[in-house]
There are 2 protein chains.
Amino acid sequence: MAKAQSKRELILDIAEASVLSKGFGGTSIDEIISAADITKSGFFYHFRDKNHLARALLQRYLDTENAILDDIFDRARDLHGDPLHSFLIGLKLFAELMEDLPNGHPGCLVATVAYSERMFDQEVRDLNRQAILAWRERFLGVLKEIAAIYPPRDDVDLMTVADMITGTVEGGIVLSRAVGETAVLPQQIVLLRSYIRLLFSPAL
Amino acid sequence: MAKAQSKRELILDIAEASVLSKGFGGTSIDEIISAADITKSGFFYHFRDKNHLARALLQRYLDTENAILDDIFDRARDLHGDPLHSFLIGLKLFAELMEDLPNGHPGCLVATVAYSERMFDQEVRDLNRQAILAWRERFLGVLKEIAAIYPPRDDVDLMTVADMITGTVEGGIVLSRAVGETAVLPQQIVLLRSYIRLLFSPAL
DNA sequence: ATGACCACTGTACCGGCGGTCAAGTCGCGG
DNA sequence: CCGCGACTTGACCGCCGGTACAGTGGTCAT
């Protein structure tokens, strides 16, 4: 949670933390404005209503997450030219990043939106959908490169494998939070890495 | 969603559907009581407050889910004596069950509780935690049986593999809902099955 | 210096929602 | 016919999302 440079960013910071711990419907504007030391009118100056807050929240979240993913997998590319090995390094870096979060992963807004669909307008739901589809394409691209060199050992659909990357993270976050063990998420990513290695490695 | 035999069950049916589509904080008692054709006092006769509703909701959900899992993996046991093959059959049956849901999986209450932690008292959070831990133990038992016969091909922690079963389902549900493709969840389960097979099969 | 604009504040109001309270109703089994 | 479980009636409270609109202090270009 970086220091807010403007009231608008401060509102988003506070709202994000609250939404991830209480859900969107459980987050009150009154609570946000008192924490941000702003008036109700001040809040509605920045966001027309709660739906606009949700959209800004989700958009900002997706931008930062995608920047992190770009960074990790770009660095992994620099460390190894081979697509399989570079991807495995990327997953390891990702797991380490998740492990270094002191209080565990704060939660994924995509999941909260998915579990409160009927609270949002079509625009927010579409944004959420496009985010998942973008991750699917991102990982599918890498997996196709890998499969071109290393034929998969099992007859799997690469798109489903791409979804598994996102799904493992989403599932790992739910588990981590529910049991209160921050280690669960990084462990799940490492296990996913084991599957990818097993799937594409020629006779380990 | 079976037909309610009592007003109490009817309230739980309506509340469950609403909580899974709008979140707990987004579900209003007024909305539940008008759908259940009951008065507000009638609602509070059955549940002292929203927290007690949450507890009853979660408890009932866990009981039915565990009964379904018992049924599936018991049937799989009957179909094949070998623990690995029986587990693989169980996962297939599970995937088929998820595929046959006409509108996709309605969502998992464990995930909604995990993503609205601060809305509930300690009792509800503990119930949620115990549910995940019970699934961990359930699958860990099976995996230990399998590993005793088929040594895993990769040096994995079986508890983490057990968590992966639960995590795949939770992640698969989030993805399915977010992209609006009911097929994603069953696909993820089938892919998990591919990993289990790959992990334990002696040189496929 | 002045005026326009940005980022807010102040105040008053609305209906919905979670929750409380006390008293009453209706059917059913003992 | 009495008691009990499963509700209803109706009045009330304070919080919350949202609306409306007039006002204010600082910054910046002219």
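Reading DNA chain D from its 5' end, the first and the last nucleotide to sit under 4.0 Å from a heavy atom of chain B are D:dG5 to D:dG10.
Within residues 20-29 of chain A, the residues that have a heavy atom under 4.0 Å from DNA chain D are, in order of number, A:T27, A:S28, A:I29. Contacts of residues 34-45 of chain B with DNA chain C (heavy atom under 4.0 Å): B:K40, B:S41, B:F44.
Rounded to a whole Å, the CD1 atom of A:I11 is 12 Å from the P atom of C:dA7. Atom P of nucleotide C:dT20 and atom CG of B:D49 are separated by 7 Å, given to the nearest angstrom. Between A:H46 atom NE2 and C:dA7 atom P the separation is 7 Å, expressed in whole Å. Whole-Å rounding puts the B:D30 CG to C:dG15 C1' distance at 11 Å. Between the P atom of C:dC8 and the NZ atom of A:K7 lies a distance of 7 Å, rounded to the nearest Å. B:K50 has its NZ atom 13 Å from the P atom of C:dT20, to the nearest Å.
In this structure, B:I11 and B:L53 have side chains that are in contact, with non-hydrogen atoms separated by less than 4.5 Å. Between B:L133 and B:Q130, some side-chain heavy-atom pair lies under the 4.5 Å cut-off. A:S176 is not listed as a side-chain neighbour of A:E181, based on a closest heavy-atom distance of 4.5 Å or more.
Every residue two or more places apart in sequence or in another chain was checked for a salt bridge (charged side-chain N to carboxylate O under 4.0 Å, His left out) with A:K50, and none qualifies. Every residue was checked against the salt bridge (charged side-chain N to carboxylate O under 4.0 Å, His left out) condition with B:D157, not counting sequence neighbours, and none meets it. With sequence neighbours excluded, no residue satisfies salt bridge (charged side-chain N to carboxylate O under 4.0 Å, His left out) with B:R129.
The cationic atom of B:R153 (NZ for Lys, CZ for Arg) does not lie both less than 6.0 Å from the six-membered ring centre of B:F200 and within 45° of the ring axis.
Under 4.0 Å is where a charged nitrogen must lie from a carboxylate oxygen, and between B:D49 and B:R55 no such pair does. Look at A:E16 and A:R60 and you find a salt bridge, because one of the NZ, NE, NH1 or NH2 atoms lies within 4.0 Å of a carboxylate O, short of that distance. Salt bridge status for B:E145 with B:R138: absent, with no side-chain N to carboxylate O gap under 4.0 Å.
Aromatic ring pairs are classed by plane angle as parallel below 30°, tilted from 30° to 60° and perpendicular above 60°; the pair A:H85 and A:H80 is parallel.
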